[in-house]
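Data block below; observations after.
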There are 2 protein chains.
Amino acid sequence: MNDITLIVDDDATFNAVLVRAFERRGIPARGVTDAREVAAVARELRPRRVVLDLNIAGVSGLTLIPQLLEIEPGCHIVVLTGYASIATAVDAIKLGAVQYLAKPVEVDAILGAFDEADGTDEGEVDATVSSEPLSVDRLEWEHIQRVLREHDGNISATARALKMHRRTLQRKLAKKPVRS
Amino acid sequence: MNDITLIVDDDATFNAVLVRAFERRGIPARGVTDAREVAAVARELRPRRVVLDLNIAGVSGLTLIPQLLEIEPGCHIVVLTGYASIATAVDAIKLGAVQYLAKPVEVDAILGAFDEADGTDEGEVDATVSSEPLSVDRLEWEHIQRVLREHDGNISATARALKMHRRTLQRKLAKKPVRS
DNA sequence: GTTTGGTGAGACAATTCGCCGCACCCGATT
DNA sequence: AATCGGGTGCGGCGAATTGTCTCACCAAAC
């Protein structure tokens with residue numbers, strides 16, 4: 001049992017960003033990018049909290065949930081994925097995750113999920129102090145950028161993946177990123 | 001405890017279709033269209049299986065899940081909704097539903113969900129993670145649903161948080177979620 | 001040389017958005 | 001009872017955005 005938060009995500013950049021964001025808030029965090037290391041690191045750290053990305057190098061992150069819970073029973077796992085679907089959300093919760101969030105997601109939302117999970121035992125009043133800004137425009141921008149990067153900047157392929165007209169994507173990209 | 005299946009859906013037509021489809025397969029079924037009757041009927045029938053539509057006459061069907069489980073502990077509840085979102089799916093499973101399906105859905109899928117819940121108490125979830133990202137429209141829908149839930153269904157407050165015009169939010173909510 | 005696929009951009013119709021108003025309901029206040 | 005504030009639903013209208021089609025250009029593959 002440890003107060004450190006384990007962050008599992010094979011996207012090294014995003015992983016590092018998350019770790020830094022956690023630490024900046026005074027929460028110790030440890031990033032893991034290789035699915036095969038997860039079990040070992042978890043056994044070493046016994047993390048009470050885990051941020052788990054679903055699509056880690058081919059292997060489904062879903063299989064890691066039972067493993068993590070066996071290593072540290074009662075630990076809170078928040079599942080994160082860029083390829084969200086209702087089916088995997090249902091599976092993740094059934095396997096014991098406390099929350100399932102679709103990328104892009106704000107760090108505060110992750111922390112909010114942990115807090116919510118912590119408070120469930122007590123008389124929760126759902127007094128969520130968590131700020132939930134992130135306009136839809138901003139969210140869209142983040143998502144587009146991520147998918148675009150995944151397709152190596154190929155606009156046509158990105159538009160297809162997003163089921164959006166290429167011309168529309170062109171126009172959106174031509175604009176500056178929207179704030180908040 | 002009873003082998004009858006309780007079908008809760010305020011859409012009388014769809015409800016009747018479901019009941020008939022179940023009975024044609026030799027499964028006794030009882031339809032309920034009024035959310036206020038659910039508790040009473042459940043206490044009378046003690047159904048082992050419940051098909052529960054989420055959006056019943058304004059009141060969220062989610063609140064019925066704990067009630068049903070209290071009346072008939074261990075009963076299997078399959079949640080059904082025309083306005084599927086990850087946020088409500090997560091909530092439904094956390095509250096104890098065994099499956100969450102988006103309309104339109106075939107009757108066989110519902111039966112399959114019950115069978116799956118019967119057969120394996122735990123285990124075996126298909127670990128297939130979709131390889132394609134959410135479309136921007138779908139992402140927007142998920143985000144809106146999540147924020148909306150955080151604001152207890154308050155549309156005005158949600159619109160404010162999203163920095164979006166209330167009228168626009170209304171119109172978006174009136175539409176069914178886009179696929180994929 | 002030709003085909004295939006990506007890119008940028010103009011033009012125009014269809015759709016959506018932002019914003020106005022109005023009516024209704026409900027609970028609290030006066 | 002009357003009023004006031006906030007939430008909700010919805011019609012309408014001008015402005016903005018999107019969908020679609022169209023070019024032309026370029027690079028790599030066949």
Side-chain angles (χ1 to χ4, degrees), chain A residues 82 102 104 125-180, chain B residues 9-14 33-36 53-64 81-85 87-88 91 103 131-180:
Chain A
V125 198
D126 204 15
T128 335
V129 210
S130 66
S131 56
E132 185 66 32
L134 207 57
S135 70
V136 286
D137 286 338
R138 176 73 191 194
L139 184 81
E140 181 183 67
W141 172 265
E142 302 281 358
H143 190 236
I144 287 175
Q145 291 302 320
R146 204 167 52 76
V147 177
L148 187 59
R149 203 167 354 114
E150 255 163 40
H151 290 267
D152 304 312
N154 184 324
I155 296 180
S156 294
T158 303
R160 273 194 297 274
L162 258 26
K163 294 175 177 39
M164 158 191 295
H165 201 280
R166 184 178 67 89
R167 189 72 186 87
T168 305
L169 218 206
Q170 267 187 342
R171 284 192 276 239
K172 280 186 188 296
L173 288 173
K175 285 183 210 160
K176 294 195 174 180
V178 244
R179 327 233 144 272
S180 196
Chain B
D9 191 336
D10 65 345
D11 180 344
T13 310
F14 187 77
T33 55
D34 192 331
R36 291 163 300 187
D53 188 281
L54 259 204
N55 36 323
I56 320 169
V59 187
S60 172
L62 283 178
T63 61
L64 290 176
T81 175
Y83 299 81
S85 75
T88 54
D91 283 347
K103 286 184 188 177
S131 57
E132 58 180 29
L134 298 175
S135 72
V136 286
D137 286 339
R138 181 72 206 190
L139 182 77
E140 180 184 63
W141 169 266
E142 296 294 348
H143 189 237
I144 288 175
Q145 291 300 321
R146 205 161 67 80
V147 177
L148 185 60
R149 193 188 59 90
E150 258 166 38
H151 291 264
D152 304 312
N154 184 324
I155 296 179
S156 296
T158 303
R160 255 180 266 121
L162 256 27
K163 301 186 203 335
M164 158 189 296
H165 202 280
R166 182 178 67 90
R167 189 71 186 88
T168 305
L169 218 206
Q170 268 189 339
R171 284 192 274 241
K172 281 185 187 294
L173 288 174
K175 283 184 214 156
K176 300 258 176 161
V178 256
R179 316 229 158 275
S180 172

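The figures here come from the full heavy-atom set of this structure, side chains too, leaving out hydrogens, waters and symmetry mates. Naming convention: chains lettered A, B, ... in sequence-line order (proteins, then strands); numbering from 1 in each chain.
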Could you run down the sub-3.5 Å N/O contacts of the protein with nucleotides 7-10 of chain D?
from, atom 1, to, atom 2, distance (Å)
dG7(D), OP1, Arg160(B), NH2, 3.4
dG7(D), OP2, Arg160(B), NH2, 2.8
dT8(D), OP1, Ile155(B), N, 3.2
dT8(D), OP2, Asn154(B), OD1, 3.2
dT8(D), OP2, Ile155(B), N, 3.0
dT8(D), OP2, Ser156(B), N, 2.7
dT8(D), OP2, Ser156(B), OG, 3.1
dG9(D), N7, Arg166(B), NH1, 3.1
dG9(D), N7, Gln170(B), NE2, 3.2
dG9(D), O6, Arg166(B), NH2, 3.1
dC10(D), N4, Arg166(B), NH2, 3.4

With the criterion being N/O to N/O and under 3.5 Å, what pairs connect the protein with nucleotides 25-30 of chain D, and how long is each?
none

From [atom1] ([X]) to [atom2] ([Y]), nearest 0.5 Å:
{"X": "His151(A)", "Y": "Arg149(A)", "atom1": "NE2", "atom2": "CZ", "value": "12.0 Å"}
{"X": "Leu169(B)", "Y": "Ile155(B)", "atom1": "CG", "atom2": "CD1", "value": "7.0 Å"}
{"X": "Leu162(A)", "Y": "Leu139(B)", "atom1": "CG", "atom2": "CG", "value": "8.5 Å"}

Between the protein and nucleotides 15-17 of chain C, which nitrogen or oxygen pairs come in under 3.5 angstrom?
from, atom 1, to, atom 2, distance (Å)
dC17(C), OP1, Lys172(B), NZ, 2.7

Could you state the [atom1]-[atom2] distance from [X] to [N], rounded to the nearest angstrom?
{"X": "Leu173(A)", "N": "dT7(C)", "atom1": "CG", "atom2": "P", "result": "10 Å"}
{"X": "Asp137(A)", "N": "dT18(D)", "atom1": "CG", "atom2": "C1'", "result": "14 Å"}
{"X": "His165(B)", "N": "dG21(C)", "atom1": "NE2", "atom2": "C1'", "result": "11 Å"}
{"X": "Lys163(B)", "N": "dG18(C)", "atom1": "NZ", "atom2": "P", "result": "14 Å"}

- Is there side-chain contact between Lys172(A) and Glu140(A), with heavy atoms separated by less than 4.5 Å? yes
- Query: Any side-chain heavy-atom pair from Arg146(A) and Glu150(A) closer than 4.5 angstrom?
  - Reply: yes
- Measure from the side-chain N and O atoms of Asn154(A) to the backbone N and O of Ser156(A), and report whether any donor-acceptor pair falls under 3.5 Å. yes
- Query: Is the backbone N or O of Tyr83(B) less than 3.5 Å from a side-chain atom of Trp141(B), with the two atoms forming a donor-acceptor pair by type?
  - Reply: no
- Message: Could you walk me through whether Asp137(A) and Lys163(B) satisfy the salt bridge (Lys or Arg N to Asp or Glu O under 4.0 Å) test, starting with their C-alpha distance in whole Å, then the side-chain angles of each, then the deciding distance to 0.1 Å, before giving a yes or no?
- Response: CA-CA 10 Å; Asp137(A) 286 338; Lys163(B) 301 186 203 335; over 6 Å; no
- Query: So which of Arg166(B), Gln170(B), Met164(B) actually passes side chain to side chain contact (heavy atoms under 4.5 Å, CB included) with Thr168(B)?
  - Reply: Met164(B)
- Message: Please identify which of these residues, Thr88(B), Asp91(B), Asp9(B), meets the side chain to side chain contact (heavy atoms under 4.5 Å, CB included) condition with Leu54(B).
- Response: Thr88(B)
